[in-house]
Amino acid sequence: MIKQIQHVYRQLFEFVNKGKNPYFFSIGLIVVGSLAVYSSPQSIPGFLLFLFAASSIYWLKMNRAIQLALAVFVAVILIPILGARNVFYLEVIFQIAVFSALALGLNIVVGFSGLLNFGYMAFYAVGAYLWGFFGSQQPYLLHSTVTTVTKGVPFFMAPDWWYLFIFIGVIIAAIAGLILGLPVLRVRGDYLAIITLAFGETIRQLANNLDKPWNFTNGPQGITPIQRPTMPDGILRGFNNIFGGIVGHPITVNQAYNILFYIVALLVVISVIIVTYRLDDSKVGRAWTAVREDELSAGAMGINANKLKLGAFFVGASFAGAMGVLFAASRTFVSPETFTFLQSVGVLTMVILGGLGSITGVIVGATLVTLLNIQVLQSFSLYLGQLRQSDAAFLGFHWKNLSNQIDPAKYQRLIFGIILVIMMIYRPSGILPAARRQRELKGAGEGEGDEAKGAERG
């Protein structure tokens with residue numbers, strides 16, 4: 001049955017990519033998806049269709065220049081327009097961009113280097129608290145006896161310092177990665193996972209308890225308000241000139257900030273993708289692979305494994321630091337609850353689901369997990385909640401008697417666990433595995449088959 005489905009899929013894929021077909025299919029899907037979201041801003045199927053249409057630009061075989069033009073048009077024009085129509089859609093795409101960057105950073109540590117990291121959100125927290133501290137009034141609360149600042153006291157730093165702090169967050173988080181990497185050099189396997197888990201919990205507990213004797217983090221209450229960069233009138237007018245007439249109403253300041261943060265997140269993700277591709281196709285990337293496969297043999301070939309491990313933690317952490325600064329400004333609030341162990345496991349799930357070592361696969365995994373988390377499951381739970389408040393019935397069963405214990409949003413971890421088990425059984429290399437990883441698994445399977453045949457002959 002599975003082979004028949006794969007055969008039909010291959011035939012359909014060949015037909016779609018024949019001649020001029022990919023251009024018609026891609027543009028047609030983009031038009032239909034955009035109209036579906038624009039005409040019905042609350043439509044989840046329409047939004048999923050739009051995302052599928054946007055991804056077709058990558059999957060279909062088209063001229064590179066046309067692909068790039070379509071991608072820029074969708075990312076810079078269509079998504080802000082649809083996001084202004086319904087801010088929730090823009091929030092979902094913003095979250096996809098943030099978690100894609102986080103997953104790509106973790107992919108360098110886990111996928112490229114083979115170092116299991118359960119504390120990756122610690123670097124995200126470092127970036128978030130960095131701007132949370134300097135971009136708020138928190139420095140005036142350092143003394144433990146001071147709980148509030150007097151009215152009219154300015155923020156510690158000017159809001160436009162935020163742009164520079166994106167780069168500072170990269171540096172500080174990378175240094176934190178080096179600090180984690182130093183004790184990791186002497187351990188492997190399970191011990192490595194335990195150390196990274198402990199590091200992640202240490203950072204979270206520091207954020208939770210560094211309100212005494214000096215109040216750096218404001219403890220479990222978190223830091224708020226945190227500054228956003230200034231929104232010049234020229235940018236707001238520009239957004240209104242470009243998007244206002246199409247959206248049908250003036251772009252508000254909050255909507256302009258949402259578009260701004262989305263564009264910055266998009267630029268960060270593009271930078272991360274370029275850096276990751278360059279590293280993967282470099283001497284360093286091949287050395288990481290050698291260390292992942294057999295550290296002893298890599299050392300015998302003259303590869304400095306310790307230096308490469310430190311480099312993996314350094315680069316992977318830097319991506320999370322940049323996104324942490326962006327997150328703090330977009331939310332204007334940070335607290336320890338955002339950077340839990342389960343969040344680190346969630347990012348690791350994205351990497352495993354998409355495919356270890358696969359750049360495209362990791363982005364697909366981040367997209368799917370984010371959509372399940374904050375749209376599909378949440379929306380389904382809200383729909384069930386609306387049914388409970390109605391007098392509707394189905395086959396004699398009144399929906400108001402439906403227990404809220406079966407809400408899908410409460411079973412996120414269970415659903416992800418089932419998905420991962422299924423993936424490990426039927427597609428252990430991930431949804432879109434890296435070519436190198438796919439060859440490794442295929443070779444391992446062939447080796448097992450040869451051993452079994454030898455045993456039968458024996």
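The shown structure was predicted, so the numbers you read here are calculated from the model rather than taken from an experiment. We number each residue from 1, following the sequence as shown.
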>> Evaluate I352 against M423 for side-chain contact (heavy atoms from CB on, under 4.5 Å), listing each step before the verdict.
In response: CA-CA 9 Å; I352 295 173; M423 289 294 297; over 6 Å; no
> Where do I57 and I30 land on the side-chain contact (heavy atoms from CB on, under 4.5 Å) test, with the steps shown first?
Replying inline: CA-CA 9 Å; I57 298 172; I30 291 171; 3.8 Å; yes
> I166 and V264: side-chain contact (heavy atoms from CB on, under 4.5 Å), yes or no, with the steps?
Replying inline: CA-CA 10 Å; I166 293 179; V264 174; 4.0 Å; yes
>> Evaluate W288 against V284 for side-chain contact (heavy atoms from CB on, under 4.5 Å), listing each step before the verdict.
In response: CA-CA 6 Å; W288 275 335; V284 174; 3.9 Å; yes
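The closest side-chain heavy-atom distance from I419 to L372 is below 4.5 Å. Contact of the W162 side chain with the R228 side chain is not registered, since no non-hydrogen atoms from C-beta on lie closer than 4.5 Å. V268 places none of its side-chain heavy atoms less than 4.5 Å from the side chain of V98. Between F199 and T202 the shortest side-chain heavy-atom distance does not fall below 4.5 Å. The shortest distance between side-chain heavy atoms of P433 and R427 falls below 4.5 Å. The side-chain heavy atoms of L368 and I431, taken from C-beta on, include a pair separated by under 4.5 Å. Counting heavy atoms from C-beta on, the side chains of F99 and V369 never come closer than 4.5 Å. Between Y262 and N258 the shortest side-chain heavy-atom distance does not fall below 4.5 Å.
Of all heavy-atom pairs spanning T196 and F118, the tightest one is OG1-N, 3.0 Å. Closest heavy-atom contact between L116 and V110: CA-CG2, 4.4 Å. In this structure, S318 and A173 approach most closely via the heavy-atom pair CA-CB, 4.4 Å. In plain terms, the two heavy atoms of L78 and S34 that are nearest each other are CD1-OG, 3.4 Å. Smallest separation of non-hydrogen atoms from P220 and S335: O-CB, 4.4 Å. Closest non-hydrogen pair, N208 versus D211, comes out as O-OD1, 4.4 Å.
Residues meeting the salt bridge (charged side-chain N to carboxylate O under 4.0 Å, His left out) test with E201, sequence neighbours left out: R204.
Side-chain rings of Y38 and Y89 stay apart, their centers remaining 6.0 Å or farther from each other. Between W214 and F133, the distance from one ring center to the other does not fall under 6.0 angstrom.
Taking OH of Y124 as the start and CE of M323 as the end, the distance is 8.0 Å to the nearest 0.5 Å. Atoms CG and CE, on L104 and M350 in that order, are 11.0 Å from each other to the nearest 0.5 Å. For the atom pair Q95 CD and T367 OG1, the distance stands at 12.0 Å (nearest 0.5 Å). If you take CG on L342 and OG1 on T349, they are separated by 9.5 Å, rounding to the nearest 0.5 Å. Atom CZ of F112 sits about 8.5 Å away from atom OG of S358, to the nearest 0.5 Å. The CZ atom of F156 lies 12.0 Å from the CG atom of L141; values are rounded to the nearest 0.5 Å.
Without hydrogens or angle criteria, N86 side chain to L82 main chain gives no donor-acceptor distance under 3.5 Å. Remark: the backbone N or O of T224 is not paired with any side-chain donor or acceptor of S136 at under 3.5 angstrom. Panel note: side chain N107, backbone G357; a donor-acceptor pair is recorded below 3.5 Å. At least one donor-acceptor pair under 3.5 Å links the side chain of Y257 to the backbone N or O of P229. Side chain of S113 to backbone of I108: a donor-acceptor contact under 3.5 angstrom is found. The backbone N or O of G111 lies less than 3.5 Å from a partner atom in the side chain of R292, making a donor-acceptor pair. A donor-acceptor pair under 3.5 Å is formed between the side chain of Q255 and the backbone N or O of T252. A donor-acceptor pair under 3.5 Å is formed between the side chain of S330 and the backbone N or O of F327. Side-chain N or O atoms of S39 include one that pairs as donor or acceptor with a backbone N or O of L35 at under 3.5 Å. At distances below 3.5 Å, at least one donor-acceptor pair connects side-chain atoms of N209 with backbone N or O atoms of Q205.
Partner of S100 under the side-chain contact (heavy atoms from CB on, under 4.5 Å) criterion, chosen from I363, T370, V364: I363. A side-chain contact (heavy atoms from CB on, under 4.5 Å) with I168 is found for one member of I171, I172, V170 and no other, namely I172. No option in L115, V347, V362 other than V347 meets the side-chain contact (heavy atoms from CB on, under 4.5 Å) test with L106.
For the 3.5 Å distance criterion, the side chains of Q138 and N215 qualify, holding a donor opposite an acceptor.
Within the structure, salt bridge (charged side-chain N to carboxylate O under 4.0 Å, His left out) pairs that include any residue of residues 27-40 do not occur (at least two apart or interchain).
Taking the six-membered ring where tryptophan is involved, the planes of F134 and F165 are tilted, since the angle between them lies from 30° to 60°. In this structure, F47 and F50 have parallel ring planes: the angle between them is below the 30° cut-off, well short of the 60° mark. By the 30° and 60° cut-offs, the orientation of the rings of F123 relative to Y120 is perpendicular. A tilted orientation is assigned to the rings of F339 and Y129, their planes being inclined by 30° to 60°.
For Y191, the OH atom counts as loosely surrounded, since its 6.0 Å shell holds 12 or fewer non-hydrogen atoms of other residues, nucleotides or ligands. Applying the 6.0 Å contact sphere to CZ of F167 captures no more than 12 heavy atoms from other residues, nucleotides or ligands. In the displayed structure, N63 atom CG is contacted under 6.0 Å by more than 12 heavy atoms of other residues, nucleotides or ligands. Residue-environment remark: CD (E337) exceeds the threshold of 12 foreign heavy atoms within 6.0 Å.
Taking a cutoff of 4.0 Å between a charged side-chain nitrogen and a carboxylate oxygen, R286 and E293 do not qualify as a salt bridge.
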